[in-house]
Amino acid sequence: FDAVVLLIPNDADIDFSLKPKIADFVTDAINHFKFIGYSPALLSYLEMIDLESQMDDGCFLLTSDDSVTPFLMSLNKLRYWERETKLAKA
């Protein structure tokens, strides 16, 4: 897969035992230049674990039907290669 979507309901508590797996999954997606779609609840979690700073224009906050279209339209690029420069500097 060349894109990932992480949808967590806003009222859901993330199981503490899953948090490291979610962090690893998001980090892998970023490091493999994948497009990432995510729900607002995930953004709160990413801020807590300091991954929010790695989110870029290849990451799409999915809040409504209208926000899904730009995400889907980006997928024709296959990967978000622009992230490579940012990761090389880190």
Side-chain angles (χ1 to χ4, degrees):
F1 51 89
D2 289 321
V4 298
V5 176
L6 297 114
L7 298 176
I8 299 169
N10 287 332
D11 59 350
D13 287 327
I14 300 173
D15 181 347
F16 185 74
S17 67
L18 294 177
K19 288 182 178 184
K21 293 176 184 177
I22 294 170
D24 288 345
F25 186 78
V26 172
T27 300
D28 286 347
I30 289 170
N31 289 334
H32 291 114
F33 314 112
K34 295 180 185 291
F35 287 96
I36 302 169
Y38 60 96
S39 62
L42 185 70
L43 180 59
S44 299
Y45 172 66
L46 294 175
E47 289 170 348
M48 286 189 315
I49 61 171
D50 200 32
L51 275 179
E52 187 264 339
S53 62
Q54 293 187 37
M55 305 305 268
D56 52 32
D57 290 340
C59 302
F60 295 80
L61 180 60
L62 305 176
T63 57
S64 67
D65 292 349
D66 292 337
S67 64
V68 173
T69 301
F71 173 69
L72 294 176
M73 296 300 292
S74 72
L75 300 182
N76 66 348
K77 294 182 183 179
L78 298 180
R79 301 287 175 121
Y80 186 69
W81 296 114
E82 293 87 343
R83 190 178 295 137
E84 189 170 19
T85 304
K86 180 180 175 182
L87 291 177
K89 292 179 184 177

### Query
How far does CD1 of Ile30 sit from SG of Cys59, to the nearest 0.5 angstrom?
5.5 Å
### Query
Should Pro70 and Phe60 count as side-chain neighbours, where that means a heavy-atom distance under 4.5 Å?
yes
### Query
Given a cutoff of under 4.5 Å between side-chain heavy atoms of I, L, V, M, F, W and Y, with clusters grown through shared members, what are the other residues clustered with Met73?
none
### Query
With clusters built from Ile, Leu, Val, Met, Phe, Trp and Tyr whose side-chain heavy atoms come within less than 4.5 Å, directly or transitively, what are the remaining members of the cluster of Leu78, listed by chain and number?
none
### Query
Same cluster or not: are Tyr45 and Val5 linked, directly or through other Ile, Leu, Val, Met, Phe, Trp or Tyr residues, by side-chain heavy atoms under 4.5 angstrom apart?
no
### Task
Measure the spacing between CD of Gln54 and CD1 of Ile49 and express it to the nearest 0.5 Å.
9.0 Å
### Met55 side chain reached by Leu61 side chain, heavy atoms, under 4.5 Å
no
### Query
Out of curiosity, does Ile22 fall in the hydrophobic cluster containing Leu51 (side-chain heavy atoms, cut-off under 4.5 Å, transitive links)?
yes
### Query
By salt bridge (Lys or Arg N to Asp or Glu O under 4.0 Å), which residues pair with Asp56, not counting sequence neighbours?
Arg83
### Task
Could you state whether Val26 and Phe33 fall into the same hydrophobic cluster, counting links through intermediate Ile, Leu, Val, Met, Phe, Trp or Tyr residues with side-chain heavy atoms under 4.5 angstrom apart?
yes
### Message
Please check: side-chain N/O of Arg79 versus main-chain N/O of Asp2, any donor-acceptor pairing under 3.5 Å?
### Response
no
### Query
Quick one: are Leu62 and Ser39 in side-chain contact, heavy atoms under 4.5 Å?
no
## Note on the structure
Nearest heavy-atom contact between Ile8 and Ala41 is O-CB, 3.4 Å
#### Entry: Single-linkage hydrophobic cluster Phe71~Phe25, side-chain heavy atoms < 4.5 angstrom
no
### Same apolar cluster (I L V M F W Y, side chains within < 4.5 Å links), Met48/Leu43
yes
